[in-house]
Student: 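Right, I'll just put the structure down here and ask away after.
All values derive from a computational prediction rather than experimental measurement. As the structure lists them, so they are numbered: ligands from 1, and atoms in each ligand from 1.
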Amino acid sequence: MFDKLLIANRGEIALRIQRACKALGIGCVQAYSEADTGADYVRTAEQAICVGAAPSSRSYLDKAAMLLAAEVTGAQAIHPGYGFLSENAEFARWVEEAGLIFVGPLSGVIRRMGDKICAKRAMIEAGVPCVPGFVGELTATRDALEIIRSIGFPVIIKAAGGGGGRGMRVVREEKDLMAAIAATQQEAEKAFANGTVYVERYLDNPRHVEIQILADKYGNCVWLGARDCSVQRRHQKVIEEAPPVDVPQRLLADVGSRCVAACKALGYVGLGTFEFLFEDNQLFFIEMNTRLQVEHTVTEMITGLDLVQYQLRVARGERLDIEQKDISFVGHSIECRINAEDPLDFRPSPGRVDFWQPPGGPGLRVDTHVSSGYVVPAFYDSMIAKLISFGRTREEAIARMQGGLRQFVVEGIKTNIPLHLSILEQDKFRKGAVSIHFLEKWLASK
Ligand code: ADP
């Protein structure tokens with residue numbers, strides 16, 4: 001149980017967590033960096049504490065500073081949001097050892113799932129289907145060639161400790177294999193301080209489909225449907241939707257219940273996402289995210305549940321008050337990530353927002369911390385808002401999204417709103433079920 005929580009994150013998700021806390025009567029302490037001093041959500045929080053300088057390594061990623069901030073303000077729990085320290089097993093362990101509550105699964109579970117080889121092993125044990133591959137460390141030796149011949153080209157070499165779409169290399173021919181293993185190891189060592197790599201079959205034209213789960217401390221766990229996040233650029237999601245088009249409900253229900261079984265076996269608590277690639281009517285597990293995700297909103301829209309409130313409630317030790325039979329999916333929801341960036345060359349566009357007027361109306365939701373006069377700092381991720389639409393059908397959700405994007409007025413900085421509008425006009429997108437290569441192929445053909 002806790003009644004005061006430190007928000008160890010910034011931007012729209014900090015505000016989202018503040019709102020959920022208010023509804024539950026939990027007091028909030030907002031951690032912020034020097035670059036975020038002037039942000040509205042920092043000013044309006046019940047309490048706020050500066051945790052360091054603008055670069056995230058000196059504030060939002062500073063484990064000791066965050067823990068100290070919780071201790072000096074008397075917060076009994078820490079919500080890490082997404083990104084930053086949200087999947088940092090060591091930080092979660094520090095929080096536990098300090099006698100505080102980390103809003104998420106136990107540090108041991110984060111560590112296990114953060115190692116993608118371990119995660120795949122755990123999934124295979126639980127009967128969750130995985131991308132065919134070798135579930136162990138790959139090294140640039142003769143054995144590698146044997147392993148990869150048995151999988152069949154093309155393959156993808158991936159960092160076991162990877163994240164954020166980095167540390168991956170596709171290999172199509174034997175002659176490139178050894179150099180690719182060495183290069184991925186080096187990159188992984190540099191980026192994640194863990195040079196371990198593994199290999200799986202490279203699926204040529206998959207979709208990205210993910211399953212949301214929610215678990216309490218008492219072994220109760222439900223799956224909350226699926227999302228399609230195939231519209232990506234450089235492995236970063238741009239548009240997400242729920243439910244995924246043309247993925248058989250029977251398949252989702254089967255795999256969803258296996259995810260639930262995996263969570264029970266792991267002793268998983270909180271929100272979690274199982275990410276899959278979907279090809280030839282099959283789902284193949286790629287990784288688990290042990291945290292709240294940016295795109296949780298589309299699941300909220302079609303289930304009517306407040307996922308952040310549920311996340312806080314199970315962290316407080318409450319028992320889930322819903323069972324699988326209580327969960328149903330209504331309508332269709334789409335989320336566009338609005339970034340402060342040039343819509344043509346994708347360069348970040350930080351600076352002062354001279355005028356900000358988000359859209360409204362039936363079936364539209366805007367999650368943002370921005371208002372007129374806000375200065376987008378250059379130090380962090382460029383996402384400044386999420387525009388979420390809901391409709392009875394996918395067509396209606398698209399139409400409402402288009403209306404919302406056209407109404408959205410942002411002056412002073414560039415945003416990717418024009419890019420979203422042109423994606424939504426594409427026949428392929430409108431038809432639905434695009435692959436993870438759709439956006440990049442279309443951008444290359446423009
Ligand atoms: P990260 O943790 O960096 O996000 P993931 O394992 O989730 O890494 O993979 C990110 C993206 O890379 C996927 O959404 C997909 O686009 C691509 N990818 C990963 N594994 C494969 C694979 N076996 N075949 C094809 N594409 C893949």
Student: Short N/O distance, under 3.5 Å, between I156 and ligand 1?
Tutor: no
Student: Distance to 0.1 Å, residue and atom name: give those for the protein heavy atom nearest to atom 24 (N) of ligand 1.
Tutor: L203 N, 3.0 Å
Student: Would you mind telling me which of E96, E97, R93 makes a side chain to side chain donor-acceptor pair (under 3.5 Å) with S107?
Tutor: E96
Student: NZ of K414: more than 12 outside heavy atoms within 6.0 angstrom?
Tutor: no
Student: Could you say whether the N/O atoms of E200 and ligand 1 ever approach to under 3.5 Å?
Tutor: yes
Student: Does any N/O atom on I286 come nearer than 3.5 Å to any N/O atom on ligand 1?
Tutor: no
Student: Does NZ or CZ of R394 fall inside the cone over F429's six-membered ring, less than 6.0 Å from its centre and within 45° of the axis?
Tutor: yes
Student: With a 4.0 Å heavy-atom cut-off (strictly under), which part of L277 contacts ligand 1: side chain, backbone, both or neither?
Tutor: side chain
Student: Considering only the protein, which heavy-atom contact is closest to atom 12 (O) of ligand 1, and what is its distance?
Tutor: H235 ND1, 3.1 Å
Student: Of the protein's non-hydrogen atoms, which lies at the shortest distance from atom 23 (N) of ligand 1, and what is that distance?
Tutor: R201 O, 2.9 Å
Student: What residue and atom, counting heavy atoms only, is the protein's closest point to atom 20 (N) of ligand 1, and at what distance?
Tutor: K158 NZ, 2.9 Å
Student: Atom 15 (C) of ligand 1: which protein heavy atom is closest, and how many Å away?
Tutor: I436 CD1, 3.6 Å
Student: Just to confirm my output: which protein heavy-atom neighbour is closest to atom 7 (O) of ligand 1, and how far is it?
Tutor: E287 OE2, 2.8 Å
Student: Take T297 and E335 through the test side-chain hydrogen bond (donor to acceptor under 3.5 Å, both in side chains) and record every step on the way to the result.
Tutor: CA-CA 8 Å; T297 55; E335 172 179 278; 2.5 Å; yes
Student: May I ask you to identify the nearest protein heavy atom to atom 10 (C) of ligand 1, giving residue, atom name and distance to one decimal place in Å?
Tutor: M168 CE, 3.7 Å
Student: If only side-chain N and O atoms count, and only distance matters, is there a donor-acceptor pair under 3.5 Å linking Y82 with H296?
Tutor: no
Student: How many angstroms lie between atom OG of S435 and atom CG of L203, to the nearest 0.5 angstrom?
Tutor: 11.0 Å
Student: For H208, take its heavy atoms, then give the atoms of ligand 1 lying under 4.0 Å from any of them.
Tutor: 14 (O)
Student: Under the 6.0 Å and 45° cation-pi test, does R10 pair with Y32?
Tutor: no
Student: Numbering the atoms of ligand 1 from 1, which are under 4.0 Å from a heavy atom of Q232?
Tutor: 14 (O), 16 (O)
Student: Hydrogens and angles aside, do H420 and Q402 bring a side-chain donor and acceptor to less than 3.5 Å of each other?
Tutor: no
Student: Is K63 close enough and on-axis enough to W94, meaning under 6.0 Å and within 45°, for cation-pi?
Tutor: yes
Student: How far is atom 26 (N) of ligand 1 from its nearest protein heavy atom, and which residue and atom is that?
Tutor: Y202 CE1, 3.6 Å
Student: What verdict does the side-chain hydrogen bond (donor to acceptor under 3.5 Å, both in side chains) test give for E241 and H332, after you've listed the backbone C-alpha separation in whole Å, the side-chain angles of each residue and the deciding distance to 0.1 Å?
Tutor: CA-CA 7 Å; E241 60 183 280; H332 199 94; 2.8 Å; yes
Student: Regarding atom 8 (O) of ligand 1: of the candidates K116, E279, E87, E275, which has the closest heavy atom?
Tutor: K116
